[in-house]
Amino acid sequence: MALQVQGLVDWRGRPVDPRRHGGLKAVMFIYVLIVMTNMGNIPTMLNIVSYLHGTMHMGIADASTTAANFYGAICVFSFLGAFISDSYIKRFYTILIFAPIEILGYMLLACQAHFPSLHPPPCDAAAGQCAAVSGRNLSLLRLGLYVIPLGEGALRVCGAALGGDQFDGCEVGGDDPAAAEARGKASFFNWFAFCISLGGLVGLVLVVWVQNNEGWDLGFALAALMALVAMAVVLAGLPFYRHRVPTGSPLTRILQVFVAAFRKRNVTMPESLVEMHECSDGSTIELLDKTPDFKFLDKAAVDDGDRRRWSACTVTQVEEAKIILRMLPVFLTSVLGYVPIPLLLTFTVQQGGAMDTRLAGTSVPPASLFVVPIVFQMLILVAYDRAAVPWLRRATGYAAGVTHLQRVGLGFASSVAALALAAAVESRRRRCLGVAAPVMSVFWLTPQFFLLGVMDVTSFVGLLEFFYSEASAGMKSIGGAVFFCILGVASWLGGALIQAVNRATAGGAGHGGWLDGADLDASHLDRFYWLLAVFELVAFFLYLYSAWRYTYRHHPRVQPSMEDAKVSATATTTTKKAEV
């Protein structure tokens, strides 16, 4: 007899059969979605600065800021997808709604790149007579650059959460089905990152070549076609998915806690927890135990007879709010740690454009150099998931070999080294200007690319796993969105940092800042890299302090069972009093 999985249904709204729904066969469609969308998204994100500077004739600072804002918008808009999929629409249908929006954004950019009247005319940048895009054409450009993130952000967070849903519940057979699905979910996030890298690898070879050799209009159209194929493939997997029914926004529940705690600020805390609410109306996914920290929020769950919605909160609601507060220092220090990364990615493309890009007589587009860290990411991810984790688990006793926060810290340390190395390479490149020496090869950038690859394997996956695993069962989409929000906020802060540094370093008599000028030779990118390296080092130590202070919900030395093992059959439960 098939077992039913708590809180999940099939596409017709019936309880799922774990033998038919979910598992590896379902996530294969999601893997294709991730690969196809990133085949268009990653090369566009990494090479867009070349389009803005070369075709739209933006200055280096404006092009870099716009590119950073584009990347930031992709990440921040993931919150919209998470809110909708948690509150109103199943994750699968959220993907189907937002995928056409992403396609529309690519087609807007394709049309602008195709029709000469919609972009500035070609010119000689060296002569300094190029007119930057402006007016209605600039508005059209910005519209396309924000419509794409609106769609892509929802696809990112819903794809990750939908994939995690395929391993929630109990499988038929096996001595420990919950542990088997827990291992499957942990492995899913490693392969999720692998698919992002695989899509980026193919895109940086294929799409970047089309953009640089056949035209940006065809490059954007190709990205739109890939998103369309991805939507068709994920639609084909509909009969195999497990769907979690939306139960209301966790953001609303958390806000209720703060409002109720303020209203009851003068209430005396009872000695016994039996006077605190813990009710289940069928929408609660997980019941959480009371914890001793952030006691000022506990008053929100005190039963004082007030039954108004924004005054009566459960212990579980209070604990969800506490989870967010506990993770806040890690969130803030991780944002600081990620601020230099999109800037390094953006400027490395321009840095490569000022170097010798020939390889065996063939010119290599600078954006395609990101193939190097992506290949390293893919190799390291496979080795880590299949070889390193089992060995580390036996050596350290940690369920994942190392804790999530230790893994993230290693990535931030790698980023410090990458920034220092990038500054040294740029300093050497500038010293070669105006002397009888050959132009530096672009492959001098390979070591910093390798270190960036190490950071992605460690910090990217580590933070994604951390926020997903530490979030309660009713906040999984929001947990993933919080991670992507780190990347987005960091990108926007990076854009603001560029403008602040330019203003602070601008001299009198028309002398521009470090990043002003039509090309890198007229700028001081090496100084800016050194500044970023110092910034990242300070952020690294702040992160270490917040990670040291953090207390995990589940002890990392204990092999975690599925959180859904704690999930009660709340649909048949009316009221549960919290025990002392």
Enquirer: Salt bridge (charged side-chain N to carboxylate O under 4.0 Å, His left out) with Glu426: which residues, sequence neighbours excluded?
Expert: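 Listed in chain order: Arg429.
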Enquirer: Would you confirm whether Tyr543, through its side chain, and Val408, through its main-chain N or O, come within 3.5 Å as a donor-acceptor pair?
Expert: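 No: the side chain of Tyr543 does not pair with the backbone of Val408.
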Enquirer: Please tell me if the side chains of Glu470 and Phe466 come closer than 4.5 Å, counting only heavy atoms from C-beta onward.
Expert: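 The answer is yes; the side chains approach within 4.5 Å.
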Enquirer: With heavy-atom distances below 4.5 Å as the criterion, would you say the side chains of Ser415 and Ile341 are in contact?
Expert: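 Contact flag for Ser415/Ile341 side chains = yes.
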Enquirer: Would Leu463 and Arg407 count as a side-chain contact (heavy atoms from CB on, under 4.5 Å) here? Give the steps.
Expert: CA-CA 8 Å; Leu463 282 172; Arg407 187 174 180 177; over 6 Å; no
Enquirer: Does Tyr338 have any ring pair (Phe, Tyr, Trp, His ring centres under 6.0 Å) partners at least two apart in sequence or in another chain, and if so, which?
Expert: Phe412
Enquirer: Determine the interplanar angle of the Phe192 and Phe188 rings, folded into 0 to 90°, and report it as parallel if under 30°, tilted if 30 to 60°, perpendicular if over 60°.
Expert: tilted
Enquirer: Any side-chain heavy atom of Phe83 within less than 4.5 Å of one from Tyr88?
Expert: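 Phe83 reaches Tyr88 side chain to side chain.
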Enquirer: Which heavy atom of Ser414 sits nearest a heavy atom of Met455, and at what distance?
Expert: CB-N, 4.4 Å
Enquirer: Would you list the pairs meeting salt bridge (Lys or Arg N to Asp or Glu O under 4.0 Å) in which at least one residue belongs to residues 143-157, sequence neighbours left out?
Expert: Glu152-Arg156
Enquirer: What side-chain donor-acceptor pairs closer than 3.5 Å can you find for residues 89-104, not counting sequence neighbours?
Expert:
from	atom 1	to	atom 2	distance (Å)
Arg91	NE	Ser477	OG	2.9
Arg91	NH1	Asp165	OD1	2.8
Arg91	NH1	Asp165	OD2	2.3
Arg91	NH2	Asp86	OD1	3.4
Arg91	NH2	Ser477	OG	2.8
Thr94	OG1	Lys90	O	3.0

Enquirer: Has the side chain of Tyr241 got a donor or acceptor atom that lies under 3.5 Å from a matching backbone atom of Val234?
Expert: yes
Enquirer: Please tell me whether Phe194 and Trp191 form a close aromatic pair, meaning their ring centres lie under 6.0 Å apart.
Expert: yes
Enquirer: Restricting to ring pair (Phe, Tyr, Trp, His ring centres under 6.0 Å), what partner residues turn up for Phe535, sequence neighbours left out?
Expert: none
Enquirer: Rounded to the nearest 0.5 Å, what separates atom CG in Leu222 from atom CG in Leu206?
Expert: 5.5 Å
Enquirer: Name every donor-acceptor pair, under 3.5 Å, that has one atom in a side chain of residues 135-143 and the other anywhere in the protein, sequence neighbours excluded.
Expert:
from	atom 1	to	atom 2	distance (Å)
Asn137	ND2	Ser117	O	3.3
Asn137	ND2	Leu118	O	3.4
Ser139	OG	Gly135	O	3.4

Enquirer: Report yes if the distance between the aromatic ring centroids of Trp216 and Tyr51 is under 6.0 Å, otherwise no.
Expert: yes
Enquirer: So how far is it from Thr458 OG1 to Leu381 CG, rounded to the nearest 0.5 Å?
Expert: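 Output value for this atom pair is 9.5 Å.
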Enquirer: Could you tell me whether the side chain of Met56 reaches within less than 4.5 Å of the side chain of Pro120, counting heavy atoms only?
Expert: yes
Enquirer: What residues, two or more places apart in sequence or in another chain, satisfy salt bridge (charged side-chain N to carboxylate O under 4.0 Å, His left out) together with Arg527?
Expert: none
Enquirer: Show me the donor-acceptor pairs, under 3.5 Å and distance only, between side chains in residues 484-498 and residues at least two apart or in other chains.
Expert:
from	atom 1	to	atom 2	distance (Å)
Ser491	OG	Leu487	O	3.0
Trp492	NE1	Asn69	O	3.2

Enquirer: Quick check: do Phe528 and Leu343 have side-chain heavy atoms less than 4.5 Å from each other?
Expert: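 Of all side-chain heavy-atom pairs linking Leu343 with Phe528, at least one is under 4.5 Å.
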Enquirer: Determine, stepwise, if the pair Phe70 / Ile74 fulfils side-chain contact (heavy atoms from CB on, under 4.5 Å).
Expert: CA-CA 7 Å; Phe70 172 73; Ile74 289 176; 4.0 Å; yes
Enquirer: Identify, with sequence neighbours excluded, every residue that meets ring pair (Phe, Tyr, Trp, His ring centres under 6.0 Å) alongside Phe450.
Expert: Phe376
Enquirer: Could you grab the distance from atom CG of Leu344 to atom CG of Leu419, nearest 0.5 Å is fine?
Expert: 5.0 Å
Enquirer: SG of Cys111 to OH of Tyr106: how many Å apart, nearest 0.5 Å?
Expert: 15.0 Å
Enquirer: Among residues at least two apart in sequence or on other chains, which ones pass side-chain contact (heavy atoms from CB on, under 4.5 Å) with Asp62?
Expert: Met58, Gln499
Enquirer: If you define the side chain from C-beta out and look only at heavy atoms, does anything of Met28 sit under 4.5 Å from Gln166?
Expert: no
Enquirer: Is there side-chain contact between Trp514 and Leu525, with at least one heavy-atom pair below 4.5 Å?
Expert: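 Side-chain contact under 4.5 Å: no.
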Enquirer: Sequence neighbours excluded and cut-off under 3.5 Å, please list the side-chain donor-acceptor pairs for residues 29-43, or say none.
Expert:
from	atom 1	to	atom 2	distance (Å)
Thr37	OG1	Leu33	O	2.8
Thr37	OG1	Ile34	O	3.3
Asn38	ND2	Ile34	O	2.7

Enquirer: Measure the spacing between CG of Leu46 and OG1 of Thr348 and express it to the nearest 0.5 Å.
Expert: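 One finds 10.0 Å between CG of Leu46 and OG1 of Thr348.
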Enquirer: With a 3.5 Å distance limit and no angle check, can you tell me whether His57 reaches the backbone of Pro121 through a side-chain donor-acceptor pair?
Expert: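 Yes; judged by distance alone, with no hydrogens or angles, the pair exists.
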Enquirer: Of all heavy-atom pairs between Gly219 and Gln211, which one has the smallest distance, and what is that distance?
Expert: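 Shortest heavy-atom separation between Gly219 and Gln211 comes out as CA-CG, 3.9 Å.
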Enquirer: Just verifying a value: how many Å separate Ile48 CD1 and Thr66 OG1, rounded to the nearest 0.5 Å?
Expert: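 Answer rounded to 0.5 Å: 9.5 Å.
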Enquirer: Residues in ring pair (Phe, Tyr, Trp, His ring centres under 6.0 Å) with Phe483, at least two apart?
Expert: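 Ring pair (Phe, Tyr, Trp, His ring centres under 6.0 Å) check on Phe483 returns Phe460.
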